[in-house]
Amino acid sequence: MIGEEAMINYTNFQIVGEKAGPKCKPFFTAKVFSKLIHNDPYGRISIMQFFNYVMRKVWLHQTRIGLSLYDVAGQGYLRESDLENYILELIPTLPQLDGLEKSFYSFYVCTAVRKFFFFLDPLRTGKIKIQDILACSFLDDLLELRDEELSKESQESNWFSAPSALRVYGQYLNLDKDHNGMLSKEELSRYGTGTLTSVFLDRVFQECLTYDGEMDYKTYLDFVLALENRKEPAALQYIFKLLDIENKGNLNVFSLNYFFRVGCQ
């Protein structure tokens with residue numbers, strides 16, 4: 001023991017592996033053991049860390065199988081409709097979403113799926129590798145909603161929680177003053193604190209997908225995800241595209257001055 005941490009050396013690790021049986025054999029290897037050594041003077045590993053490692057591996061394996069059931073093409077990718085079906089069927093298994101009205105399910109699914117595609121499909125191909133879904137933390141955040149006692153703070157910071165989805169959709173409805181289900185440039189100008197400049201909004205509507213000059217909920221979600229996650233590469237790419245008014249792939253003094261001049265007036 002180190003304090004309250006139970007440790008095990010490699011010799012005993014091998015003994016346990018032999019007793020655990022063939023099903024557990026892949027986890028009791030020298031490679032796994034060496035991965036989990038963290039500066040212990042006697043070359044031991046934490047039993048709890050090993051347990052968590054195995055649980056994580058098993059969870060990834062199970063989740064990969066679960067996601068693959070929705071891979072209609074069998075190519076290792078999920079299209080938008082595939083991921084929508086996966087999340088829709090996942091909702092009843094997440095206690096934190098019990099309070100959602102069924103009429104809101106389609107908007108919830110759209111809100112959840114958009115985060116995956118905004119960050120994991122930067123080239124907008126319309127599909128995401130299952131491997132990439134497993135490698136990112138989004139599924140962890142989504143499945144965190146299985147916890148019936150999830151704190152209010154955790155819910156508010158989790159994009160997939162009911163309060164977060166209702167907040168984003170509620171903002172969209174509040175901006176939609178003419179109640180046509182779409183946002184005009186004038187309606188979007190009231191987003192946040194209402195400080196977005198007219199030239200910035202012009203660029204948003206020039207570069208983003210619109211319908212008769214108005215923005216739908218899916219396009220709005222991309223906009224929100226970019227502005228709320230400005231340090232992330234996908235968000236920076238989104239904003240860079242707006243600032244690159246000459247479509248040259250770089251920003252010059254003219255481009256920056258074009259936005260700052262209006263912002264300073």
Side-chain angles (χ1 to χ4, degrees), residues 1-71 74-78 82-83 86-87 89-90 93-97 112-113 115-122 127-161 164 229 231-236:
M1 302 289 289
I2 296 181
E4 295 182 2
E5 191 87 31
M7 309 293 285
I8 190 169
N9 62 26
Y10 185 60
T11 304
N12 288 325
F13 180 76
Q14 287 178 303
I15 293 169
V16 176
E18 286 169 15
K19 292 186 176 184
K23 193 175 179 182
C24 300
K25 196 174 179 182
F27 300 111
F28 286 89
T29 64
K31 186 177 180 181
V32 169
F33 189 89
S34 62
K35 269 184 185 177
L36 299 173
I37 291 178
H38 295 296
N39 302 320
D40 181 72
Y42 302 104
R44 302 166 302 183
I45 64 169
S46 159
I47 292 174
M48 184 52 71
Q49 282 186 7
F50 173 66
F51 174 78
N52 289 336
Y53 172 84
V54 173
M55 290 294 287
R56 174 74 181 168
K57 282 286 184 184
V58 170
W59 176 82
L60 283 170
H61 188 62
Q62 291 173 339
T63 308
R64 184 178 192 116
I65 292 169
L67 287 169
S68 296
L69 296 175
Y70 295 84
D71 177 15
Q75 301 274 320
Y77 292 89
L78 290 187
D82 301 330
L83 193 55
Y86 172 75
I87 291 177
E89 292 181 24
L90 196 64
T93 71
L94 305 174
Q96 286 295 337
L97 300 180
V113 167
K115 180 160 188 176
F116 284 93
F117 274 84
F118 181 79
F119 289 106
L120 301 181
D121 182 27
K127 58 185 182 181
I128 307 173
K129 283 183 184 176
I130 290 176
Q131 200 172 342
D132 290 342
I133 295 173
L134 292 169
C136 76
S137 64
F138 300 160
L139 262 188
D140 289 338
D141 294 341
L142 182 59
L143 296 177
E144 187 180 51
L145 303 179
R146 286 177 174 166
D147 183 357
E148 293 184 28
E149 297 179 5
L150 195 64
S151 69
K152 190 178 178 183
E153 291 74 19
S154 296
Q155 287 187 58
E156 286 174 355
S157 62
N158 188 333
W159 174 266
F160 302 103
S161 72
S164 175
N229 301 274
K231 292 183 180 179
E232 297 296 325
L236 291 171

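Remember, predicted model here, so these are calculated numbers, not experimental data. Along the sequence shown, residues are numbered consecutively beginning with 1.
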Given the rule in the side-chain contact (heavy atoms from CB on, under 4.5 Å) test, do Leu143 and Thr93 qualify, once you have shown the distances and angles that lead to the verdict?
-> CA-CA 9 Å; Leu143 296 177; Thr93 71; 5.9 Å; no
Report the C-alpha separation of Asn229 and Phe119 in whole Å, then their side-chain angles, then the decisive distance to 0.1 Å, and conclude whether the side-chain contact (heavy atoms from CB on, under 4.5 Å) test is met.
-> CA-CA 10 Å; Asn229 301 274; Phe119 289 106; 3.8 Å; yes
Of the non-hydrogen atoms in Pro95 and Glu148, which two are nearest, and what is the gap between them?
-> CB-CG, 3.5 Å
What distance separates Leu69 CG from Asp82 CG, expressed to the nearest 0.5 Å?
-> 11.5 Å
Where do Phe13 and Phe27 land on the ring-ring contact (aromatic ring centres under 6.0 Å, His included) test, with the steps shown first?
-> CA-CA 10 Å; Phe13 180 76; Phe27 300 111; over 10 Å; no
Which pair of heavy atoms, one from Phe138 and one from Lys115, lies closest together, and at what distance?
-> CE2-CE, 3.5 Å
Over 12 non-hydrogen atoms of neighbours within 6.0 angstrom of CD in Gln14 | yes
Pairwise side-chain contact, Ser46 with Met7, heavy-atom cut-off 4.5 Å (strictly under) | yes
Could you walk me through whether Ser151 and Ser154 pass side-chain hydrogen bond (donor to acceptor under 3.5 Å, both in side chains), step by step?
-> CA-CA 5 Å; Ser151 69; Ser154 296; 2.9 Å; yes
State the OG-CG distance between Ser68 and Leu78, to the nearest 0.5 angstrom.
-> 7.5 Å
Does Asp71 use its side chain to pair, donor to acceptor, with the backbone of Gly76 at less than 3.5 Å?
-> yes
Ring centre gap for Phe116 and Phe160 strictly below 6.0 Å | yes
Taking atom CH2 of Trp59 and atom CG of Leu139, what is their separation to the nearest 0.5 Å?
-> 5.0 Å
Atom CZ of Phe51: over 12 foreign heavy atoms under 6.0 Å | no
Could you tell me the separation between the CG atom of Leu94 and the CD atom of Glu144, rounded to the nearest 0.5 Å?
-> 11.0 Å
For Arg56, the salt bridge (charged side-chain N to carboxylate O under 4.0 Å, His left out) test, sequence neighbours excluded, returns Asp140
Do Leu83 and Tyr70 have side-chain heavy atoms sitting under 4.5 Å apart?
-> no
Measure across Asp141 and Asn158 and return the closest heavy-atom pair with its distance rounded to 0.1 Å.
-> O-ND2, 2.8 Å
d(Asn52 CG, Ile47 CD1) to nearest 0.5 Å is 12.0 Å
Heavy-atom closest pair (Phe118 atom, Ala234 atom, distance to 0.1 Å) is O-CB, 3.6 Å
Give a yes or no answer on whether the side chain of Gln96 reaches the backbone of Arg146 with a donor-acceptor pair at less than 3.5 Å.
-> no
Any residue meeting salt bridge (charged side-chain N to carboxylate O under 4.0 Å, His left out) with Asp132, in chain and number order, not counting sequence neighbours | none
Atom pairs and distances, donor-acceptor, side-chain atoms in residues 35-43, under 3.5 Å, two or more places apart:
{"residue": "Asp40", "atom": "OD1", "partner": "Arg44", "partner atom": "NH2", "Å": "3.1"}
{"residue": "Asp40", "atom": "OD2", "partner": "Tyr42", "partner atom": "N", "Å": "3.1"}
{"residue": "Asp40", "atom": "OD2", "partner": "Gly43", "partner atom": "N", "Å": "3.2"}
{"residue": "Asp40", "atom": "OD2", "partner": "Arg44", "partner atom": "N", "Å": "2.9"}
{"residue": "Asp40", "atom": "OD2", "partner": "Arg44", "partner atom": "NE", "Å": "3.0"}

What is the distance from atom CD1 of Ile133 to atom CG of Leu67, rounded to the nearest 0.5 Å?
-> 5.5 Å
Minimum side-chain heavy-atom gap Thr63-Leu60 below 4.5 Å = no
